[in-house]
K.L.:
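Supplied in structure tokens, the structure appears directly below.
One-based numbering, in listed order, for ligands and for the atoms of each.
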Amino acid sequence: MTLTVKTPSKVILFGEHAVVDGYSAIAMAIDLKTTGEIKGNFETITIELSDLNEIFEIAPKLIKELDISNFSPSLKYVLCATKYAINYLIEFKGLTSITPFKLKIFSEIPVSCGLGSSASVVVTTINSISNFYGISLKNEEVINMAYSVEKDIQGRASITDTATITLSGMIEIYAGNYKIMPKELSEFIKTCNFLIVNVEERTRKTADLVWEVSEHPQKEELFKKIGTIIEKVKHNRSKEELGKLMVENHEILKKFGISTEKLDLVIEASKKYAHGGKLTGAGGGGSVIILLKNEKEELLKELKKIGVTGTFECKMTNF
Ligand SMILES: Nc1ncnc2c1ncn2[C@@H]1O[C@H](COP(=O)(O)OP(=O)(O)O)[C@@H](O)[C@H]1O
Ligand SMILES: C[C@@](O)(CCOP(=O)(O)O)CC(=O)O
Ligand SMILES: [Mg+2]
């Protein structure tokens, strides 16, 4: 019998990078899904990553000590999640034997575009494996395990992506903790129409971008400014003001050198034909989130002129 797991992705509305250093962030789960299909009756542990055309096989007895550093970036997140999940189930949940399985993963989330594809495949892997062994995990167990995967692979990470994707809805992260966003703010955000624009291929991985930002000499001063923006967001109920705050956050991220010419052109278009926007996720290319006004057609025309056509409207989703 095949067991299926579906996991959302996320957009970070405010606070990416700053949140890695303990500042706040606001993120929401969106309805782009990763699917995990797992079944038994196999000789080995077989992992099929359909979107990346990768298949990996390993004898069950070797997974516990697998050295992830030997593998290509495309395999690292799912293999690390597989290893950590099996070790956790053995150490803390009474799993006594590693029955082989085949896990197939495929996703609607564009890879390395700032929408949390890494966190979504990691959470999918953990939940698929725990389901296969008939062991249920609490949300915080999944969140912390997935966070340790991202942190161990990237060197630095926050709990934002894995908490948002596991809990779904809209999440506030602060000083490494997470909580569901207060209702009156999430009700306001639910009235907002966001357009996600997949602007361009990233030239650097999240890991490189996070390290680059962490080395910036003005990091603290700039992160404090992002913290001030988030405090304003929490008390704001105007879409016009929210759009301006998104642009302000983007302008600060630009100072870290993680925006690109094309991302900035999209932000300029968002100021003219929408309430505003900002890059979302690690940057270095990838995606922009725009708070729509009414002239969506005009905006799409302008984006086409910039050579950007990969767009999808999204609303917060409660999985
Ligand atoms: N559909 C997928 N199948 C397998 N692995 C994936 C998939 N999508 C993402 N990944 C993993 O996540 C990595 C991208 O993570 P990251 O650079 O953080 O991008 P993102 O901004 O999407 O989270 C990929 O190199 C790969 O290891
Ligand atoms: C840059 C950061 O704040 C978000 C990374 O998002 P993504 O992997 O680019 O989707 C890192 C983190 O919070 O772990
Ligand atoms: Mg990621």
K.L.:
Applying the side chain to side chain contact (heavy atoms under 4.5 Å, CB included) test to Ile47, which of Thr82, Leu75, Ile38 qualifies?
P.N.:
Thr82
K.L.:
Quick one: does Glu54 get a heavy atom under 4.0 Å from ligand 1?
P.N.:
no
K.L.:
Identify which one of Ile252, Asn249, Val266 satisfies the side chain to side chain contact (heavy atoms under 4.5 Å, CB included) criterion when paired with Lys278.
P.N.:
Asn249
K.L.:
What part of Arg202, side chain from CB on, backbone N/CA/C/O, both or neither, has a heavy atom under 4.0 Å from ligand 2?
P.N.:
side chain
K.L.:
Keeping the roles fixed (side chain from Ser270, backbone from Gly277), state whether a donor-acceptor pair exists under 3.5 Å.
P.N.:
yes
K.L.:
Determine whether Cys113 and Arg202 satisfy the following criterion, side chain to side chain contact (heavy atoms under 4.5 Å, CB included), listing intermediate values before the conclusion.
P.N.:
CA-CA 7 Å; Cys113 288; Arg202 249 188 200 152; over 6 Å; no
K.L.:
Among Gly284, Ser158, Ser118, whose heavy atom sits nearest atom 14 (O) of ligand 2?
P.N.:
Ser158
K.L.:
Among all protein heavy atoms, pick the one closest to atom 26 (C) of ligand 1 and tell me residue, atom and distance.
P.N.:
Ser74 O, 3.5 Å
K.L.:
At under 4.0 Å between heavy atoms, which part of Ile109 makes contact with ligand 1: side chain, backbone, both or neither?
P.N.:
neither
K.L.:
What protein heavy atom sits nearest atom 20 (P) of ligand 1, and how far away is it?
P.N.:
Ser117 OG, 3.5 Å
K.L.:
List the closest protein heavy-atom neighbour of atom 25 (O) of ligand 1: residue, atom name, distance to the nearest 0.1 Å.
P.N.:
Lys205 NZ, 3.0 Å
K.L.:
With respect to atom 10 (N) of ligand 1, which of Val121, Asp208, Ile153, Thr124 exhibits the smallest heavy-atom separation?
P.N.:
Val121
K.L.:
Which residue owns the protein heavy atom closest to atom 3 (O) of ligand 2, what's the atom, and how far is it?
P.N.:
His17 N, 3.0 Å
K.L.:
With nothing but distance in play, are any N or O atoms of Gly114 less than 3.5 Å from an N or O of ligand 1?
P.N.:
yes
K.L.:
Relative to the heavy atoms of Cys113, which atoms of ligand 1 are at a distance of less than 4.0 Å?
P.N.:
21 (O), 22 (O)
K.L.:
For atom 1 (N) of ligand 1, what is the closest protein heavy atom, and at what distance to 0.1 Å?
P.N.:
Asp51 OD2, 2.8 Å
K.L.:
Looking at side-chain heavy atoms only, is the closest gap between Phe194 and Met246 below 4.5 Å?
P.N.:
yes
K.L.:
Below the 3.5 angstrom mark, is there an N/O of Phe106, backbone or side chain, next to an N/O of ligand 1?
P.N.:
no
K.L.:
I'd like to know whether the aromatic ring centres of Phe71 and Tyr77 sit less than 6.0 Å apart in this structure.
P.N.:
no
K.L.:
Under 4.0 Å, heavy-atom basis, I'd like to know which part of Val213 is in contact with ligand 2: side chain, backbone, both or neither.
P.N.:
neither
K.L.:
Taking it one step at a time, do Glu150 and Ser118 satisfy side chain to side chain donor-acceptor pair (under 3.5 Å)?
P.N.:
CA-CA 8 Å; Glu150 292 232 298; Ser118 61; 2.4 Å; yes
K.L.:
Counting heavy atoms only, which of Ala81, Ser112, Cys80 comes nearest to atom 19 (O) of ligand 1?
P.N.:
Ser112
K.L.:
Assess Ala282 for proximity to ligand 1: is some non-hydrogen atom of it under 4.0 Å away?
P.N.:
no
K.L.:
Strictly under 2.8 Å, is the Mg ion (ligand 3) approached by any N, O or S atom of Ser118?
P.N.:
yes
K.L.:
Just to check, does Ile12 reach to within less than 4.0 Å of ligand 2 when the distance is taken from its heavy atoms?
P.N.:
yes
K.L.:
Should the proximity of Arg202 to ligand 1, defined as any heavy atom under 4.0 Å, be assigned to the side chain, the backbone, both, or neither?
P.N.:
side chain
K.L.:
Any nitrogen or oxygen of Ser107, side chain or backbone, less than 3.5 Å from one on ligand 1?
P.N.:
no
K.L.:
For ligand 1, is there an N or O atom under 3.5 Å from any N or O atom of Thr206?
P.N.:
yes
K.L.:
Could you tell me whether Lys179 sits above the aromatic face of Tyr174, with NZ or CZ closer than 6.0 angstrom to the six-membered ring centre and within 45 degrees of the axis?
P.N.:
yes
K.L.:
Can you find a non-hydrogen atom of Lys10 under 4.0 Å from ligand 2?
P.N.:
yes
